[in-house]
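All remarks here apply to the structure that follows.
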Amino acid sequence: MSETEVFGGGVWTRNSDRTRALVLGPYLTERAAIYAEGAKPLRGPEARLDEAEGLALAIDVEIVGRELALLSQIRPATYLGKGKVDEIAALVKEREADLVVVDCALSPVQQRNLEKAFAAKVIDRTGLILEIFGERARTKEGALQVELAHLAYQKSRLVRSWTHLERQRGGFGFLGGPGETQIETDRRLIQERMTRIERDLEQVKRTRGLHRKSRREVPFPIVALVGYTNAGKSSLFNRLTKADVFAKDLLFATLDPTLRGLKLPHGGKIILSDTVGFISDLPHMLVSAFRATLEEVLEADVILHVRDISHEDADAQGEDVEKILAELGIDPHDSRLIEVWNKIDLLPPEERDRLRETAARKPAEERPCVVSAVTGDGIDDLLEGIEARVGSGRALFEILLDAADGEGQAWLYAHTEVLKRQALEEGAAFQVRVPEETRARLERRFPQRLRDMN
């Protein structure tokens, strides 16, 4: 049986099968944020609350209300002021909420105090993102990375699990030591599990390194997709490669990296890599845990920064992605980066034209590609842009081989990117492209039959 009510212009329905959640956005006022952080917030409070609600929906809870709380300062004990705590507690009771999602980073003490005040489970932004990652990880590697991040988070919050910190194990006789407290035991067990996972991930890292080495020896350039979550990376990946990677209008729809081969307009081949989406205030433990996966981005020849250009916070989202790339050691002005302004199909025609004009006025090396992964608009220009960027860091040669030189032809296909093969009376002419590190090997292998076309 369901019952429908109205809250703040929205509608919620009781449903006993799903966790009922209240989404709370406690944000500093603009003046307080400037004073505390030295800069004006990139996003407005409503936009931040919208994103928090989207994150909550991603773990399939039933949203029974959302509340914005503008703060002049942060209280050490409860984050919110007493009046706001009482107000939210009343709302939680009225809505019969089981869960309160608080869109900020709470300390263990703040989380425990709010749970007591609300008589409901409380999770902060970090906990919510970890829940999403835990649900979405499909591969063994992804599951290990998420579990490692979860354990790091839990380890910092063991104080919440025990009110009897004096309870101890061990020790005997009158002079026996106090032994190990329960919280110390739990912390040790968590640390041991984290150590085992880190060892497993080191093996994953070594395996990935071997895979990357083998891909370099079969010299197809790597093109990595990065971007804010829900910017349309997986849809663009599917459009370019004709793949069927899960893509949905949902935050963090995909987590596990996917690689596919892709042929460029003039015959060259690349490997396209789809990676996990980024988000503002992405927990550091997740960036650390997913470093093995994100090394695909570090090793890429070209990085496509996919942006949802139709989003009201497109600029703020772009800055958030650049911050995380900088954490990984990638300069936002790296020559490998190409901005992809996606989702232009969601804009009116005049706005699309304005964006194309804006992009066209930028220098060629900084020019964004304006596309729609849904309709295919601008995809040809994007492929040409990728081809130009891939070719700019590679040397081009023409090689004449005798018809009987099967070994030489096999070497070319194994170690170079063969762009064109033309049959001749005495053999064949190959047009090949190689990265700089392979150039010397090519020149040694075919010293007399090589023509530099650069």
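Because only heavy atoms are used, hydrogens play no part in the values below, and waters and symmetry mates are left out as well, while side chains stay in.
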Distance col, row Lys420:NZ vs Phe430:CZ, nearest 0.5 angstrom, shows 12.5 Å
>> Within the structure provided, determine whether Leu57 and Ile63 are in side-chain contact (heavy-atom separation under 4.5 Å).
In response: yes
- Message: Does this structure show an ion pair linking Arg307 with Asp315, if we count only N-O contacts that are shorter than 4.0 Å?
- Response: yes
Looking only at heavy atoms, the pair that brings Pro221 and Lys269 closest together is CD-O, 3.2 Å
Heavy-atom nearest pair, Ser280 first then Asp320, reads CB-OD2, 3.2 Å
d(Arg352 CZ, Trp341 CH2) to nearest 0.5 Å is 15.5 Å
- Under 3.5 Å donor-acceptor, Asp313 side chain and Ala316 backbone: no
If you apply the rule side-chain hydrogen bond (donor to acceptor under 3.5 Å, both in side chains), what do you find for Asn113 with Tyr79, and how did you get there?
CA-CA 10 Å; Asn113 290 340; Tyr79 203 92; over 6 Å; no
Q | Under 3.5 Å donor-acceptor, Arg260 side chain and Ser273 backbone | A | no
Here the pair of heavy atoms bringing Val306 nearest to Gly232 is CG1-C, 4.4 Å
Exercise for review: Check whether the side chains of Asp308 and Ser310 place a donor and an acceptor atom closer than 3.5 Å, and report yes or no.
Suggested key: yes
Flag, side chain of His150 to backbone of Leu130, donor-acceptor distance under 3.5 Å:
yes
Using only atom types and a distance under 3.5 Å, with no angle test, would you say the side chain of Arg20 pairs donor to acceptor with the backbone of Glu96? yes
ask   = Judged by atom type as modelled, is there a donor-acceptor pair below 3.5 Å linking the side chain of Glu417 to the main-chain atoms of Val432?
value = no
One should read off an interatomic distance between Ile399 CD1 and Thr416 OG1, to the nearest 0.5 angstrom, of 6.5 Å
Between Leu22 and Val64 the two heavy atoms that sit nearest each other are N-CG2, 4.3 Å
Q. Is Arg336 reaching over with its side chain to a backbone N or O of Ala300, donor-acceptor style, under 3.5 angstrom?
A. yes
For Asn230 and Lys343, the nearest pair of non-hydrogen atoms, with its separation, is O-NZ, 2.8 Å
Checking Asn342 side chain against Ala231 main chain: does a donor-acceptor pair fall under 3.5 Å? yes
Rounded to the nearest 0.5 Å, the CG atom of Asp103 sits from the CG atom of Leu49 at a distance of 7.5 Å
Distance col, row Ile271:CD1 vs Ile222:CD1, nearest 0.5 angstrom, shows 4.0 Å
Fill in: Pro76 backbone acceptor or donor facing Gln110 side chain under 3.5 Å
yes
Can you confirm whether Glu67 sits close enough to Lys84 that some side-chain heavy atom of one is under 4.5 Å from a side-chain heavy atom of the other? yes
Requested in this report: Starting from the C-alpha separation in whole Å, work towards a yes-or-no answer on side-chain hydrogen bond (donor to acceptor under 3.5 Å, both in side chains) for Ser234 and Asp274.
Outcome: CA-CA 7 Å; Ser234 295; Asp274 188 14; 2.9 Å; yes
Q.
Surrounding CD of Gln422 (heavy atoms of other residues, nucleotides or ligands, distance under 6.0 Å), is the total greater than 12?
A. no
Interatomic distance, CD@Glu30 vs CG@Leu28, rounded to 0.5 Å, equals 11.5 Å
Between Gly408 and Leu401 the two heavy atoms that sit nearest each other are C-CD1, 3.8 Å
Self-check item: Between Asp345 and Thr375, a side-chain donor and acceptor under 3.5 Å
Solution: no
